[in-house]
Structure formats: C-alpha cells, structure tokens
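Take a look at the structure set out below.
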Number of protein chains: 2
Amino acid sequence: MSDLRPYSGALERLRRVGLRPTRQRLALARLLFDKGHRHVTAEQLHGEAVAAAVRVSLATVYNTLHQFTAAGLLSEVVVEPGRSYFDTNTDDHHHFYFEKTGVLQDIPGDHVVVKQLPEPPPGTEIRRVDVIVRLGAGT
Amino acid sequence: MSDLRPYSGALERLRRVGLRPTRQRLALARLLFDKGHRHVTAEQLHGEAVAAAVRVSLATVYNTLHQFTAAGLLSEVVVEPGRSYFDTNTDDHHHFYFEKTGVLQDIPGDHVVVKQLPEPPPGTEIRRVDVIVRLGAGT
DNA sequence: CGGCAATTTAGAATCCCTCTAAGTTATTGA
DNA sequence: TCAATAACTTAGAGGGATTCTAAATTGCCG
C-alpha cells in the first residue's frame, strides 16, 4: 500500500542510517514500518516474522531493535518491569498505558504539555521526558 | 500526603493497612520508612536487611514490597527494563533518572505541571501520571 | 494452650534478554 | 569478477531479576 511513497522503502531507510541491508533487517523493517505506527515487543515481532515465513532468530530481533533504536528509527518505551516496547513513532509524544491489557497507545504530542520543569542538576542535561498516563477500568 | 500523623512507627503503619505485623515486615518497614524518603530495589533492601542481621529471604522482600505497594505505603517506579524501584514517597511527584548511574531522584510535585491531558478513552480512568526526566552527561 | 490461616522460606522455575563462538553474507578493492 | 575482510546472524548457553511451589513456621483467636 505504502511503498509508493518516495522514501519509505525499507532498503532506503536502512541505507540512510548506515545499516547494512541484510535479508533479516529488511524483513523486520518492513514488518515494523509498512503499516502505520506500532508498539511491539521483541517477542511479538519475532512471532510476526515467523508467521510471515521470515527465517530470523530471536537474538537478531533483539539486536535489530536496538540498532534501529540507536539509529533513531525507533524509540524504546518502558512501562512495566521486565518488558520493553519499541515504538515506530519517534516524534515527541507520550503514552496511554492500559494496565489491564498491557496495550500502549500514543497520545499526540500537542495534547500534553509539561511545564515548570526544574533545572537539571549541574553536569547533566535532559535526554528525554517520558510521560505515561496509566489507565485502569473506569467506574 | 501519605501520613499526617506524627507517629510513624512500623507497627502502627502495618496495623493501619491491615497487614499482620510479622518480624520480617516490621524490620523491612523500619528500614524503609525510618530515615526519610528512599528509592530502593528488592535486592538493595534485602542487602540492607542482611547487613542489619535481619533474617529474611529475598522472596519475602519481594512479597513485602508488593504488599506495601498494594496497600499504598509504597509506589513502584519503572525506569529501566528488568529492574523495579520502590519509592517511599507516595505523594504526587515525578522523577529525575540518571541514565549513567541508575540513580532515581524525586522532583517535588509543584515543579512539574502536566497540562492538556486528553480525556481517557471511554470505560477507563487515569490511575496515575508518571513523568520521568531522563538525564545524561552534560556537554 | 490448640488449631488454623497467614506467612515465610529455600530452591526450583520462569521470563526476558545478552553473550559467545562459530558459521554466513555483504561489501570492498585489486 | 572474485577473493579477502569485516559485518552480520545464529543456536544455545548464560545471567539477572522475579515468581512459583510446597513444606515449615508463626501470629492470632478463642
């Protein structure tokens, strides 16, 4: 559907960040980026790859997710102990987290404003500000 | 405000939330609450207990931390995959996280203001809003 | 004090994730 | 074009944090 867009190809994307376009990385990039923004865990992505008959090991899925993150193609979101989500949306934005289901959902950037942030302690700088709105069952 | 009362004895605290004051829970409560606000991991707390010659297993430390959290005596802070911090400050506040050292530090509640929060999706309610300011080495 | 449910415990188990060492593949440059 | 080489992939072992299990212990009530 979306591979008509000029620079959305997986190969192009890898080239631009200087990662060798291997069969595994290309396949994972397509799974991640070819259908809108997503939040996935390594296990989930590996499952999708296997389901799509892509031969790739779990170790490579982990490596690839971290390389993509380091390259700025993904961002990592930590909401629960012992499980990392990777978000294909790298714009400045925040998250709803449904505690019951473990589902993570973007909150568009302009819907949350953080004000009066204190100065970071000397010798440090702010890398990122994460806002997680935790949701439970309503009344 | 988690506690307006001047008397903050461990026994009293456990009684108030309906947890049986066992030797282990009393000792852990003292370690946690008797010297100002703290951020600890289960391992750390267990280490302190052992150092203080309190006989308690790691499993019990985990159980106790979760029971205290469920009872509202602690709050859990998730900043890294694979490690949970427990915070003795249950007031509304946020955190600085020093990525390099793994140290967590409170930001007083009135120093961060979150605005324009969107409506939670129907059937859900906001349980908590976590703000984590991630810090790296400055320039 | 006796009885029973709550609690504690050691150790095994589990869950994510990382590492290692060996095999494979993309790229480079002659 | 075709090695040579460096980058990459992988299975399986390893590791850290946490949870589970089943048995022993302990606090609490009458």
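Residue numbers start from 1 in every chain, and the chains themselves are labelled A, B, ... in the order their sequence lines are given, proteins ahead of strands.
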Side chain to side chain contact (heavy atoms under 4.5 Å, CB included) between B/E76 and B/D87, intermediate numbers included: CA-CA 6 Å; B/E76 192 174 357; B/D87 189 348; over 6 Å; no
Separation of C/dA26 P from A/L19 CG (nearest whole Å): 15 Å
Distance, rounded to the nearest Å, where B/F68 contributes CZ and C/dT7 contributes P: 11 Å
Ring center gap for A/Y85 and A/H95 short of 6.0 angstrom: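 No, too far apart.
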Polar side chain donor-acceptor pair, A/R55 to A/Q24, under 3.5 angstrom: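 No, A/Q24 and A/R55 have no side-chain donor paired with an acceptor closer than 3.5 Å.
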Polar contact flag, side-chain donor to acceptor under 3.5 angstrom, A/Y97-A/Q105: no
Presence of salt bridge, B/R38 and B/E48, under 4.0 angstrom: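 Salt bridge present between B/E48 and B/R38.
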Polar-atom pairs under 3.5 Å, protein N or O versus N or O of nucleotides 9-19 of chain D: list them with distances, or write none.
unit_1	atom_1	unit_2	atom_2	d
D/dT9	OP1	A/T22	OG1	2.4
D/dT9	O3'	A/Q24	NE2	2.7
D/dT10	OP1	A/Q24	NE2	3.3
D/dT10	OP1	A/R55	O	3.3
D/dT10	OP2	A/S57	N	3.0
D/dT10	OP2	A/S57	OG	3.2
D/dT10	OP2	A/T60	OG1	2.5
D/dA17	OP1	B/R83	NH1	3.2
D/dA17	OP1	B/R83	NH2	2.9
D/dT18	OP1	B/S84	N	2.9
D/dT18	OP2	B/Y62	OH	2.4
D/dT18	O5'	B/Y62	OH	3.1

